[in-house]
Amino acid sequence: MSRYDASTIEPKWQKAWEDAEVFTATRDPAKPKFYVLEMFPYPSGRIHIGHVRNYTMGDVVARYKKTQGFSVLHPMGWDAFGMPAENAAMATGGHPKTWTYANIEEMKAQMKPMGWSLDWTREFATCDPEYYGQQQALFIDFLAHDLVYRKNAVVNWDPVDMTVLANEQVIDGKGWRSGAEVERRELTQWFFKISDFSEELLDALDDLKDWPEKVRLMQANWIGKSQGLRFAFERTDGGEPIEVYTTRPDTLMGASFVGISADHPLARELAANNPEIAAFCEECRKGGTTEEEIETAEKKGMDTGLTVTHPLDPNWELPVWIANFILMDYGTGAIFACPAHDQRDLDFSRKYGLPVRDTFFSLNDPQPVENEAFVPPKSEKVKWVDHFAGLDEATGEEAIEATIRFAEDHGWGKGHTQYRLRDWGLSRQRYWGCPIPVVHCDACGVVPEKKENLPIELPEDVSFDTPGNPLDRHPTWRDCACPSCGKPAQRETDTMDTFVDSSWYFARFTAPRATTPTVAEDAEYWMNVDQYIGGIEHAILHLLYSRFFARAMHITGHLPEKSKEPFNALFTQGMVTHAIYKTTDKDGRPVYHYPEAVEERDGGTFVKETGEQVEVIPSAKMSKSKNNVVDPLAIIAEYGADTARWFVMSDSPPERDVEWTASGAEGASKHLARVYRLAAEIAEGADTGSDDETLLREMHKTIKAVEDGIEGFAFNTSIAKLYAFTNVIAKTKATNDTRKTAMRVMAQLMSPMTPHLAEEVWSMLGGEGLVAEADWPKVNESLLVEDTVTLPIQVNGKRRDEISVPKDMDKAEIEKLALATDGVQRALDGATPKKVIVVPGRIVNVVA
RNA sequence: GCCCGAGUGGCGGAAUGGUAGACGCAGGGGAUUCAAAAUCCCCCGGUAGCAAUACCGUGUGGGUUCGAGUCCCACCUCGGGCACCA
């Protein structure tokens, strides 16, 4: 009898699938379609275990759906633009393009042996001019439909390298290479008008029934709809009034100062004539642009010397402060502070000696605020101090509503709906991205490129030896003719955010070689993505941008109405994490070490080569820049793809993060070998044994359980049932014929997870054709029903005994049997039960 | 700081409010073997007990319920996101 040998089985069946073009997606009007998509990878050059997990999940679904009669689209491509290619060019002197395409080839070579049912004929990379040219066409159409515009926005500026930094390149407020303190600087940039869709993107979340609740919640919070009041404070010097937006207008009587952003027009005006204010505003612009950095920075403020009058009392004057925590991007860039009921305002007021006035008290414990702001839930009733709208006891919600009504009635304010969602800035001052197809003409201004001139290709003769954007430095690339007047003009040198590339690739897969972004018939047939699978880290940005893009593509005629929500179902897998091993170099910058470069000894962890002790940061997202990526190739080389696939599907629930360990791959491999052995034995076996319905019952239960597991994305439970079913087949006394039937079904049930072994077993047992194309076995529901059930008997919620009864026995009889059991008698110890709860088919609980 | 999750044996984990620990890994014992590998069988949360069994046990503390890993409240720890990492 031959032994299980993945290295011969796997290439054999991969060739069989390829020869039969089993996974090439074709539009088949006779069949329902199913579009499975996993988030496409960044071509880092090596697949890691997170990819294996992600693509195997998608593959399980794709293969399963295929056997259920769907015409399946399961494509693969490359999210190929982005910073790592430029970093590599800077580090090694190569070219981002060469580096990227070499990585793609390498990664593809690593992916092929996994046996994923991908339609490689649709492959593309976002850095292919063929792809990004169509993206430029989309941009031009968006421009024509008023979905893109230019405005100023802040970037991280490295004043030493004179370059824009990504947030990732800012470490503790300093540039990663120069170490210089980063500043916020304004540039004119392109923006997508995603905020115009705030309400729609929020409302539509309710209909995304097959999206995880948490993702919808995160997106809803990100969009951040709030109802509040807009009004203006009159300035005592008669200057332009200061417009504010507040979500807590009910606390207006507790106002202690008006705060404005350092980027507020008034702050700029004051800074122009007051060096002290100018210096403070400059100070406020120090540090990175992330919300995290701004929120956690020390709160600082400066009195402008200006005052405003309170809208309800002309004699009440409030000072105007500039504060570093007020964002110009949100609301009006100005607020009023109510320290008694907002912790940040309170900390600020205590720091600068500003007044604190209580506006309401707790009903049961009316204490004036000291150093902890009183912030009850808005739904809680509180006692109001002298509320202008005549409230005494009311909730925050009621008070907000009353205040807005009052302000509107008296004409000094207006109710306003505000969204936190900002427009999407897409300009990047970098080379390795899709060029923004516009031209700057002295006469005509900013003019879109003509579509017939697309793609606007990146020049290849560029260098990365100096910081900054090589497109800016290129001697000739910028020069062009104005598409409008034909006179000499200059190209835009900014490229697009790589999120743009990934916001429509799913649509492009439906017609990857088309000379327009999409083709109506293909989009109509294949869209939407029926099952989208990817990391939870993309819960907000990528998915929200894609939802916006789908709408914009519908408006510009590139996608049908039904595709405004492009992903019917979403599954977010957990991340594969691994410890990070970190040391610091002589300049205090972090250095990350590969797992295989460190060793544990003497209760510490050290770099093998230098003996330097490393800091171990436990379980963090695998990330190329942190060098904590684990390589699955060793497992594949040792045990084969099916073992790797089986193992990653069995080791943990897919939505959960897993700390990677390879122990257990051995066990998975043993199991597959056991299945193979069993199949071989059955294939050769003589028909002894007697007929036994138990095996068939177990078989149908297993079919059901495996289906439930796959459909509910609980692959680990499907696999647990397959283990159990293997034990059943191994031990059954049933006839060999029945065992053969069971084993063929086993091959089918395993085929989504371990397709190569499944084909081998299938053919060994005389299965017809390829198991990849065989119809999924049908569950015989009548065999699932059990005649007798085992009921646990509890006394006061503790299990004391059990009884086995016919499943339709009536309650009274069950109660009688339950009370008579030894366990219950012992636990009752002569006491009379007060009550007996019988849940038919489930449990009996005796209350004593 | 803000938003969203997760926490169950030595480990990965299972469990429509109804027998906590299915299934697997590791470990222990045995069979087979000249010996080993491979394979097969048994045991495997803690404490006490020869055992039957009892008590404890799902991050911590409360609560709801006949019954809570599951629902509610508060907290702790870890992870993700925070708009230029992808």
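Only heavy atoms go into these numbers, but all of them, side chains included; no hydrogens, no water, no symmetry mates. Order of the sequence lines sets the chain letters (A, B, ...), proteins ahead of strands, with each chain counted from 1. Quick caveat: nothing in here was measured; it's all calculated off a predicted structure.
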Query raised in the report: Ring centroid separation for A/Trp504 and A/Tyr131, is it under 6.0 angstrom?
Result: yes
Report task. Respond yes when some side-chain nitrogen or oxygen of A/Thr498 is under 4.0 Å from OP1 or OP2 of B/A86, and no when none is. Result -> yes
Query raised in the report: Within the structure, does a side-chain N or O atom of A/Arg656 lie under 4.0 Å from either OP1 or OP2 of B/G79?
Result: no
Query raised in the report: Taking the side chain from A/Asn324 and the backbone from A/Lys299, do they hold a donor-acceptor pair closer than 3.5 Å?
Result: no
Query raised in the report: What is the distance, rounded to the nearest whole Å, between atom CD of A/Glu666 and atom P of B/C11?
Result: 21 Å
Query - Residues from residues 837-847 of chain A lying under 4.0 Å of RNA chain B - heavy atoms - result: A/Ile837, A/Val839, A/Arg842, A/Ile843, A/Asn845, A/Val847
Query raised in the report: If the P atom of B/U60 is compared with that of B/A54, how far apart are they to the nearest Å?
Result: 24 Å
**Report entry** Length of the line joining A/Leu543:CG and B/A83:P, which is rounded to integer Å
**Finding:** 17 Å
Query - Nearest-angstrom distance from the residue atom CG of A/Leu544 to P of B/C4 - result: 16 Å
Query raised in the report: Which distance, rounded to the nearest 0.5 Å, do you find between the SG of A/Cys434 and the CG of A/Asp494?
Result: 12.0 Å
Query raised in the report: Do the side-chain N or O atoms of A/Lys798 get closer than 4.0 angstrom to the phosphate oxygens (OP1, OP2) of B/C56?
Result: yes
Report task. Could you tell me the separation between the CD1 atom of A/Ile540 and the C1' atom of B/G81, rounded to a whole number of Å? Result -> 5 Å
Report task. Could you please name the option among B/G1, B/U19, B/U39 that lies closest to any side-chain atom of A/Glu295? Result -> B/G1
Query raised in the report: OP1, OP2 of B/A54 versus side-chain N and O of A/Arg800: anything below 4.0 Å?
Result: yes
Query raised in the report: Among B/C23, B/C82, B/A86, which is the nearest nucleotide to the side chain of A/Glu537?
Result: B/A86
**Report entry** Intra- and inter-strand pairs of RNA chain B in dot-bracket (Watson-Crick or G-U wobble, both distances under 3.5 Å; | for another strand)
**Finding:** (((((((..(((.....[....))).(((((.......))))).((((....))))..(((((..]....))))))))))))....
Query raised in the report: So, does A/Ser718 use its side chain to make a donor-acceptor pair with the main chain of A/Val706 at under 3.5 Å?
Result: yes
Requested in this report: Using the P atom on both, measure B/U16 against B/C11 and round to a whole Å.
Outcome: 23 Å
Query raised in the report: In terms of the angle between their ring planes, are A/His542 and A/Phe499 parallel, tilted or perpendicular, with boundaries placed at 30° and 60°?
Result: parallel
Query raised in the report: Should the ring pair A/Tyr676 and A/Tyr4 be called parallel, tilted or perpendicular, given that the plane angle runs from 0 to 90° and is split at 30 and 60?
Result: tilted
Requested in this report: Kindly state whether the ring of A/Phe325 and the ring of A/Phe348 have centres lying under 6.0 angstrom apart.
Outcome: yes
Report task. Report yes if a side-chain nitrogen or oxygen of A/Asn167 is closer than 4.0 Å to either non-bridging phosphate oxygen (OP1 or OP2) of B/C82; otherwise report no. Result -> no
Query raised in the report: Nearest-Å distance, CE (A/Met575) to P (B/G80)?
Result: 6 Å
Query raised in the report: Has A/Asn716 got a side-chain N or O lying under 4.0 Å from the OP1 or OP2 atom of B/A14?
Result: yes
Query raised in the report: How close or far is atom P of B/A83 from atom CZ of A/Arg547, stated in whole angstroms?
Result: 20 Å
Query raised in the report: Within less than 4.0 Å of OP1 or OP2 of B/C82, is there a side-chain N or O belonging to A/Asn221?
Result: no
Query raised in the report: Does A/Tyr505 have its ring centroid less than 6.0 Å away from the ring centroid of A/Phe40?
Result: yes
Query raised in the report: Between B/G18, B/C4, B/A83, which one does the side chain of A/Gln794 approach most closely?
Result: B/G18
**Report entry** Chi class for B/G9: syn within 90° of 0, otherwise anti
**Finding:** syn
Query raised in the report: When you measure from the side chain of A/Arg53 to the backbone N and O of A/Gly574, does any donor-acceptor pair fall under 3.5 Å?
Result: yes
Requested in this report: For the pair A/Glu698 and A/Lys721, find out whether any cationic side-chain nitrogen is under 4.0 Å from an anionic carboxylate oxygen.
Outcome: no
